[in-house]
**Student:** 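My structure is below; once you've seen it, I'll send some questions.
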Amino acid sequence: MNRGEILSWLKETDPVRLEALWAEADRVRQEKVGDEVHLRGLVEVSNFCARQCHYCGIRAGQSGLKRYRMTVEEVVRCSDLAVQLDYGTLVLQAGEDPGLQAADVALMVRRIKAETPLAVTLSLGERDKDDLRLWREAGADRYLLRFETSNDALYEKIHPPRPGGWPNRIKVLQFLREIGYELGSGVMIGVPGQTWDDLANDIELFRTLDLDMIGIGPFLPHPRTPMGTDPDACRAPADLQVPNDELTTLKAVALTRLVCPETNIPSTTALATLDRESGRELGLVRGANIVMPNLTPFKYRACYEIYPAKSCIFELPGEFHQSLLRRIAAIGRVPGRGQGVSPRMHHRNTAQEKT
Ligand code: 5AD
């Protein structure tokens with residue numbers, strides 16, 4: 001699929017014509033990643049953050065937010081729960097928190113890898129090379145870092161840099177790939193200032209980066225952030241601006257499946273938040289093959305408010321799990337077994353072994 005086709009599908013609004021996109025995305029999903037829906041338990045390890053991203057509810061300086069950082073012991077307990085629920089992966093996510101000691105994260109990873117059969121995914125922001133290397137050596141399998149937008153000017157506008165930090169996120173992604181992580185990235189849909197051209201470029205960049213995991217969710221305004229207070233401030237002209245709605249998110253998910261057929265694609269919590277009734281299922285039948293249920297201890301859950309009314313705030317692991325299994329069965333799919341490595345990663349590894 002070329003850029004022109006991506007762009008015209010993104011702008012398509014005719015529900016009859018869109019049926020062809022949905023059907024093709026679902027067909028390719030089934031052919032390349034099968035009917036398994038892999039479950040990744042998400043643990044929000046810390047909500048401290050050194051960054052000031054204009055859209056994010058846990059940005060540095062956010063007032064009235066109780067900050068927390070989980071202990072190694074607490075995180076390891078979450079991994080036991082993931083094993084009990086038969087998940088294949090634990091995802092450790094946090095704000096970019098310098099107080100989250102690299103050695104403690106390494107200890108979490110080592111213990112989880114020694115005590116469970118889980119894959120470990122880290123999503124801890126733009127950390128220094130030494131930290132990223134240390135965690136990989138400790139056994140971490142995957143790293144998630146969304147590039148958020150391929151438009152450099154927009155990126156810089158909404159992500160004030162950290163002095164002494166990385167020059168840009170693509171460089172971090174390249175480094176993560178070099179040192180052997182299975183690599184995930186992604187974008188938000190409908191950030192003020194994001195144009196249709198930008199979104200087509202985002203999808204092309206997914207292909208160029210040869211990603212193993214691609215998370216795509218709608219931008220949800222948080223009222224106590226610069227972007228939530230004044231979303232019109234940097235909005236593009238109406239005919240250019242991408243809307244932050246469900247349909248556009250689903251089109252981006254479906255197109256991403258076609259452009260990166262062997263990638264793991266989650267049906268995101270943000271999509272499920274926008275449409276509580278059926279967002280999660282719609283993602284799964286239009287290209288996605290992953291769900292990331294929240295396993296953060298309940299007492300911390302509400303503090304990780306990157307956007308308001310996150311659907312998982314009300315989910316109890318046990319109950320949610322039962323309803324998720326029912327929902328997966330209702331769309332004719334089955335819960336994943338094993339770690340759910342992306343076929344893309346698998347092929348890359350076997351190609352390497354041959355050379
Ligand atoms: N709306 C939607 N998604 C958001 N994220 C952060 N803030 C918001 C928001 N207001 C997403 C970012 C980040 C991921 C963990 O959550 O894309 O990479």
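Counting convention: from 1, in listed order, for ligands and their atoms alike. Heads up: numbering here begins at 1 and tracks the sequence. Model, not experiment: these values are computed from the prediction.
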**Student:** Can you name the nearest heavy-atom pair linking L173 to L183, along with the distance?
**Tutor:**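 Smallest interatomic distance, heavy atoms only, reads O-CD2, 3.5 Å.
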**Student:** Could you tell me whether the side chains of N294 and E44 share a donor-acceptor contact shorter than 3.5 Å?
**Tutor:** yes
**Student:** Give the residues near ligand 1 by chain and number, with the criterion being a heavy-atom distance under 4.0 Å.
**Tutor:**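 Y55, C56, Q93, R146, E148, M188, P218, F219, L220, I306, Y307.
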**Student:** Taking R169 first and then E126, would you say they form a salt bridge - that is, a charged N and a carboxylate O separated by under 4.0 Å?
**Tutor:**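 Result for this pair is yes, salt bridge flagged.
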**Student:** Residues sharing Y155's hydrophobic cluster, by side-chain heavy-atom contacts under 4.5 Å among ILVMFWY, directly or via others?
**Tutor:**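 Listed partners: none, Y155 stands alone.
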**Student:** Is there a donor-acceptor contact under 3.5 Å linking the side chains of D202 and S150?
**Tutor:** yes
**Student:** Checking R69 against F48: charged group under 6.0 Å from the ring centre and within 45 degrees of the axis?
**Tutor:** yes
